[in-house]
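Let me begin by presenting the structure, written as structure tokens, before commenting on it.
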Amino acid sequence: MMDVLKKVPVREQDAKVRAANFEEVCLGYNMKEAVKEAERCINCKNAQCVKGCPVAIDIPGFIAKVKEGDVEAAYQVISEASSLPAVCGRVCPQESQCEGKCIRGIKGEPVSIGKLERFVADWAGEKEIKPQGSAEKNGKKVAVIGSGPAGLSCAGDLAKLGYEVTIFEALHEPGGVLVYGIPEFRLPKTAVVAKEIENVKSLGVKIETNVVVGKSVTIDQLMEDEGFDAVFIGSGAGLPKFMGIPGEQANGVFSANEYLTRSNLMKAFDEASNTPIMRGRKVAVVGGGNVAMDAARTALRLGAEVHIVYRRSEEELPARVEEVHHAKEEGIIFDLLTNPVEILADEKGWVKGMTCIRMELGEPDASGRRRPVEVPGSEFTIDVDTVIMSLGTSPNPLISSTTEGLEVNKWKCIVADEEYGKTTKEGVYAGGDAVTGAATVILAMGAGRAGAKGIDEYLKNKQ
């Protein structure tokens, strides 16, 4: 007899095996497991899970279809709200969103909504089933800047409404943070990301790569010279932050952004790639978010002993519980309540160690988390040859500095309203990390959808 209070367990690669390869860690559900898990859903009338989803997927609706074994219908239900279901099923923080609100989770474990979404999307991908687009075009042109989650969601929604959409991507490959930021073992690029991008293109969206808006072309030129009726900025937050401590300029200090881009986008982990990457012996990753876990687990797979250095305790780690669990299983060492104060270099300028200080938690700060305070006289040195700084990112100021009338706040984030993504410049909308600073894939997608709604209203009223 099935225990309805417990999730159907999901198969994973063994920790020792996966720590030495870049293949996907989680293996997902098969049909039988998915139907069994779907049967745990009690199909609430007032479904809280939907309220927890930033793109408002009809979760009970798609799960009911899985329960019936009609996976194609389940996929079309999800596709009405989400342009990237195979991505979201893998990288969304479901535990704090849809699953965090699941009624089943009050007395037992919540329904594995993310794993079911992933199953449906992967099944549709294998069968080459595409989302349904709009038959009629409305003659209006919209430019979308950035092909990450915000841009793809906005473009997908606008194409379904009949707009002619062109995405302009600065890099040589579309996908934004999905291709440069998230490692292969968490999000396969060819099997998952490329397929989802093809699905968005199947709706009629055009993607032009190697176009750096603000350099190759400005927003004003897109609107005045190229005839775009509106623009959505989803250019992300690719500018890394550093600590500003002595020795940070030493060779062997990287931002997590650069380190991950080399490995993920440029395939530096593959012996056949021409892109060099630091294969450290002993690596310290400074930070505690998902990006820190991604960098640490990448360094481990490249052969290093890896330490996560984080100034708060485990309870305050911002990374997903699943990511921390996977990192520990793979053998990553957590140096908690520890903060770097100086990076030490040898006579040739290469990292040879890092001086840290012990921390203790004081009163809560503005974020609601207890503030880390230095323990006087507790300095010590760790022996490392590579340091990866994973302290968050902010938006690149290139677009805002070349666009008159576009207001930014003190963090150089574009000012845009949450409901419609409207900026201070007429016809220009924005969303995702370019507005909020670094956040999650699903929040960027929600912002992309809001921008599409805003652009649609604006262009309809502009007749």
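Below, all heavy atoms of this structure are taken into account, side chains as well, without hydrogens, waters or symmetry copies. Along the sequence shown, residues are numbered consecutively beginning with 1.
Salt-bridge formation is detected for the pair Arg90/Glu24: a Lys NZ or Arg NE/NH1/NH2 atom is positioned less than 4.0 Å from an Asp or Glu carboxylate oxygen. Between Glu95 and Arg320 a salt bridge is recorded (basic side-chain N to carboxylate O distance below 4.0 Å). Salt bridge Arg186/Glu323: present, at least one basic N to carboxylate O contact under 4.0 Å. Between Lys241 and Glu248 there is no salt bridge, since no side-chain nitrogen of the basic residue lies less than 4.0 Å from a carboxylate oxygen of the acidic one. With respect to Arg281 and Asp383, a salt bridge is recorded, a charged nitrogen being found less than 4.0 Å from a carboxylate O. Salt-bridge formation is not detected for the pair Asp365/Arg369: no Lys NZ or Arg NE/NH1/NH2 atom is positioned less than 4.0 Å from an Asp or Glu carboxylate oxygen. Salt bridge status for Lys352 with Asp346: absent, with no side-chain N to carboxylate O gap under 4.0 Å.
Screening residues 325-341 for side chain to side chain donor-acceptor pair (under 3.5 Å), with sequence neighbours left out, gives Glu12-His326, Arg18-Glu329, Arg18-Glu330, Arg297-Glu330, Arg301-Glu330, His307-Asp335, Glu314-Lys328, His325-Glu329.
Shown here is Arg104, whose CZ atom has more than 12 heavy atoms of other residues, nucleotides or ligands within 6.0 Å.
To the nearest 0.5 Å, the span separating OG on Ser82 from CD1 on Ile442 amounts to 6.0 Å.
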Steps toward side chain to side chain contact (heavy atoms under 4.5 Å, CB included) verdict (Val212, Leu398): CA-CA 9 Å; Val212 182; Leu398 187 62; 3.5 Å; yes
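Take Lys7 and apply the salt bridge (Lys or Arg N to Asp or Glu O under 4.0 Å) test, not counting sequence neighbours, and it matches Glu99. With sequence neighbours left out, Glu258 forms a salt bridge (Lys or Arg N to Asp or Glu O under 4.0 Å) with Arg262.
Using a 3.5 Å distance cut-off with no hydrogens or angles, the side chains of Asn46 and Lys51 do pair a donor with an acceptor. With no hydrogens or angles considered, a side-chain donor-acceptor pair links Ser147 and Glu169 at under 3.5 Å.
The aromatic rings of Tyr429 and Tyr458 lie tilted to each other, with the angle between the two planes from 30° to 60°.
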